[in-house]
Number of protein chains: 2
Amino acid sequence: MTISPGVAAIIIGNEVLTAKVTEANGAHLIRRCRERGVRLVSVHVVPDEVDFIVEAVLLARRRAKYVITSGGVGPTHDDVTVRAVSLALGRPVVTLPKMVTILRDAWGETPPPAEALRMAEGPEGAQLIASSDTRFPVLMASDVYMLPGVPELFRSQLETVVARLPGQPVSLRTLYLQARESDLARVLDATAAAMPDVAFGSYPTFDATLDYRVKVTIEHADQARVAAASERLRRDFPAGIIVREDV
Amino acid sequence: MTISPGVAAIIIGNEVLTAKVTEANGAHLIRRCRERGVRLVSVHVVPDEVDFIVEAVLLARRRAKYVITSGGVGPTHDDVTVRAVSLALGRPVVTLPKMVTILRDAWGETPPPAEALRMAEGPEGAQLIASSDTRFPVLMASDVYMLPGVPELFRSQLETVVARLPGQPVSLRTLYLQARESDLARVLDATAAAMPDVAFGSYPTFDATLDYRVKVTIEHADQARVAAASERLRRDFPAGIIVREDV
């Protein structure tokens with residue numbers, strides 16, 4: 001497996017896996033990566049357990065240059081992300097003096113309790129990426145960005161991260177068809193084989209209230225390539241099955 | 001890492017990672033596992049690529065006794081789940097005669113095209129689990145359940161699967177608090193250390209329209225244990241911070 005110049009995401013939280021909160025950060029990250037043309041190679045939801053997170057980080061780093069984690073960076077006993085990421089990177093956990101200053105400023109007159117200062121910990125050599133849009137900087141070490149799980153904070157820090165990542169928006173066309181998926185498979189497979197640089201998707205629905213039975217998507221960075229693939233499919237598909245096309 | 005008697009889920013689909021469809025099957029699976037008291041150890045969203053799926057299946061099987069996959073079992077070029085699961089299990093892909101019969105029956109008068117018969121493939125030794133609620137049986141090999149990604153089909157087959165899994169519904173209490181999370185951390189950590197069998201969660205919000213700032217959850221199979229943990233927290237937390245409790 002080659003390392004993608006994209007992102008592998010890790011959502012950390014028992015609260016997600018036990019349905020105590022609806023998973024929102026993964027869905028938001030998927031949408032923002034799409035909008036920015038950043039390739040997302042996987043999303044892995046794991047519990048607040050060091051072993052699971054270490055394993056997920058090691059796997060993510062074999063797959064993608066950039067890793068974004070969500071959750072487990074607060075002050076309580078279940079916040080083990082910094083420790084796990086440090087283990088995965090083979091670095092000790094240290095207190096980041098700059099972050100101590102930021103936390104003291106945020107607390108104002110009353111000094112922050114010892115537990116709050118846990119939030120100043122990071123893997124040795126970590127960077128703090130400041131942004132005018134977020135109160136706290138983004139914590140990053142070796143291209144692993146450790147974001148808070150609280151949705152408001154996750155979203156604002158994510159903007160700081162995606163602005164730094166390489167991206168190229170993708171062109172998309174969608175064909176809506178009245179046919180069984182298996183009746184399209186031969187043409188779709190032949191076209192995919194002939195145009196390996198283009199990404200094709202085929203999504204059947206069994207919802208009888210819709211005016212189509214299969215949706216076929218065509219994607220490429222180059223709009224002309226998407227148009228050529230669409231033309232080829234429209235030529236080779238059985239006659240009369242195309243309901244409409246979204247460009 | 002010990003193998004959990006629960007489930008590790010794998011959601012297969014470029015369409016999810018590229019935000020062409022909203023991920024619904026993972027969220028539904030999380031909710032149903034919760035309702036049935038089935039422990040869910042991870043949810044892994046990966047692309048339609050054999051290498052990714054093989055790796056995800058191997059990892060899932062190290063974590064959990066049961067694996068549920070969603071997607072990649074249709075008739076088109078991007079449907080590679082059966083091949084990948086077979087590779088991960090070290091078994092050849094074979095055509096399952098019983099499934100061929102089922103597909104021929106489903107097609108009726110006109111014989112199904114060769115592409116449709118791809119849906120009759122499975123890892124050697126696979127079982128087909130019939131249910132009165134689903135048109136097609138559930139495909140399973142070595143406790144890896146391969147479900148279709150189309151949401152209607154996924155949901156109906158999932159019911160057949162969860163009915164077979166060991167589960168114990170969990171009791172939950174939720175405390176809503178007016179305090180900073182870091183002001184609770186000491187008490188919460190001490191309680192979690194004293195009652196290691198009880199699962200505690202702590203979830204801050206920054207939404208000023210809400211009447212609380214942190215939500216603390218307490219979970220255990222035994223309702224009395226949950227009540228004891230709640231009592232201990234209410235005794236040890238700073239006075240006057242509890243807004244309400246959901247039992």
Side-chain angles (χ1 to χ4, degrees), chain A residues 1 14-23 26-27 30-31 33-34 40-47 51-52 55-56 59 63 74-78 112-116 118-119 150 152-153 170 172 180-186 188-189 192-193 199-207 217 219, chain B residues 1 14-23 26-27 30-31 33-35 40-47 51-52 55 59 63 74-78 112-116 118-119 150 152-153 170 172 180-186 188-189 192-193 199-207 217 219:
Chain A
M1 199 175 293
N14 293 330
E15 72 276 21
V16 172
L17 290 167
T18 55
K20 281 201 290 280
V21 306
T22 304
E23 206 292 292
I30 288 171
R31 196 172 62 249
C33 282
R34 160 113 198 145
L40 180 65
V41 301
S42 60
V43 178
H44 201 165
V45 187
V46 298
D51 286 355
F52 273 90
E55 200 170 43
L59 177 60
R63 288 177 172 168
T76 65
H77 70 285
D78 55 358
E115 290 76 17
R118 272 207 218 162
M119 290 189 280
V150 178
E152 301 92 317
L153 305 182
V170 165
L172 166 70
R180 284 178 201 259
E181 197 184 21
S182 51
D183 296 334
L184 310 173
R186 196 171 312 164
L188 208 51
D189 287 1
F200 295 91
S202 167
Y203 310 110
T205 175
F206 296 90
D207 183 341
T217 59
E219 282 183 308
Chain B
M1 197 174 296
N14 293 329
E15 72 276 21
V16 172
L17 290 166
T18 56
K20 280 200 291 282
V21 306
T22 305
E23 206 292 293
I30 289 171
R31 197 171 60 248
C33 283
R34 161 111 199 148
E35 287 162 0
L40 180 65
V41 301
S42 60
V43 178
H44 201 166
V45 187
V46 298
D51 286 356
F52 273 90
E55 199 169 47
L59 177 60
R63 286 176 173 171
T76 65
H77 69 285
D78 55 357
E115 290 77 15
R118 270 208 219 162
M119 290 189 280
V150 177
E152 301 93 317
L153 304 183
V170 165
L172 165 72
R180 284 176 203 261
E181 196 185 20
S182 51
D183 296 334
L184 310 173
R186 194 171 312 164
L188 207 51
D189 286 1
F200 295 91
S202 166
Y203 310 110
T205 176
F206 296 90
D207 182 342
T217 59
E219 281 183 308

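In what follows, chains carry the letters A, B, and so on, assigned in the order in which the sequence lines appear, proteins first and then strands, with residues in each chain numbered from 1.
Phe200(A) and Asp78(B) make their closest contact through O-OD2, 4.1 Å (heavy atoms, listed as atom of the first residue, atom of the second, distance). Scanning all heavy atoms of the two residues, the minimum distance from Ala185(A) to Thr76(B) falls at CB-CG2, 4.1 Å.
Interface check for chain B: of the options Asp183(A), Thr205(A), Thr18(A), the most heavy-atom pairs under 4.5 Å are formed by Thr18(A). Heavy-atom pairs under 4.5 Å with chain B peak, among Glu152(A), Glu115(A), Arg31(A), at Glu115(A). Contact tally against chain A (heavy-atom pairs below 4.5 Å) for Leu188(B), Asn14(B), Leu153(B), Val41(B): the top residue is Val41(B). When the candidates Gly74(B), Pro75(B), Ala193(B) are compared by the number of heavy-atom contacts under 4.5 Å with chain A, Pro75(B) comes out ahead.
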- Task: With side-chain contact (heavy atoms from CB on, under 4.5 Å) as the test, would you mind laying out the steps for Leu59(B) and His44(A) before giving the verdict?
- Result: CA-CA 12 Å; Leu59(B) 177 60; His44(A) 201 165; 3.7 Å; yes
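Taking CG from Leu17(A) and CD1 from Ile30(B), the interatomic distance works out to 6.0 Å, rounded to the nearest 0.5 Å.
With a 4.5 angstrom heavy-atom cutoff, Pro113(A) touches chain B only via side-chain atoms. Of the two parts of Tyr203(B), only the side chain, counted from C-beta on, holds a non-hydrogen atom closer than 4.5 Å to a non-hydrogen atom of chain A. Proximity to chain A is absent for every atom of Ala27(B), based on heavy atoms less than 4.5 angstrom apart. Heavy atoms of Val150(A) lying under 4.5 Å from chain B belong exclusively to its side chain. Neither the backbone nor the side chain of Leu184(B) comes within contact range of chain A, judged by heavy atoms closer than 4.5 Å. Heavy atoms of Pro204(B) lying under 4.5 Å from chain A belong to its backbone as well as its side chain. For a residue to count as touching a neighbouring chain, one of its non-hydrogen atoms must lie under 4.5 Å from one of that chain's; by this rule Val170(B) does not touch chain A. With a 4.5 Å cut-off on non-hydrogen atoms, Glu181(B) touches chain A through its backbone and its side chain both.
Arg118(B) pairs by the side chain to side chain contact (heavy atoms under 4.5 Å, CB included) definition with Asp189(A), not counting sequence neighbours. Checked against side chain to side chain contact (heavy atoms under 4.5 Å, CB included), Leu172(B) has the following partners two or more places apart in sequence or in another chain: Lys20(A), Arg34(B), Thr174(B), Thr217(B), Glu219(B).
The environment of Arg180(A) atom CZ is dense: over 12 non-hydrogen atoms of other residues, nucleotides or ligands sit within 6.0 angstrom.
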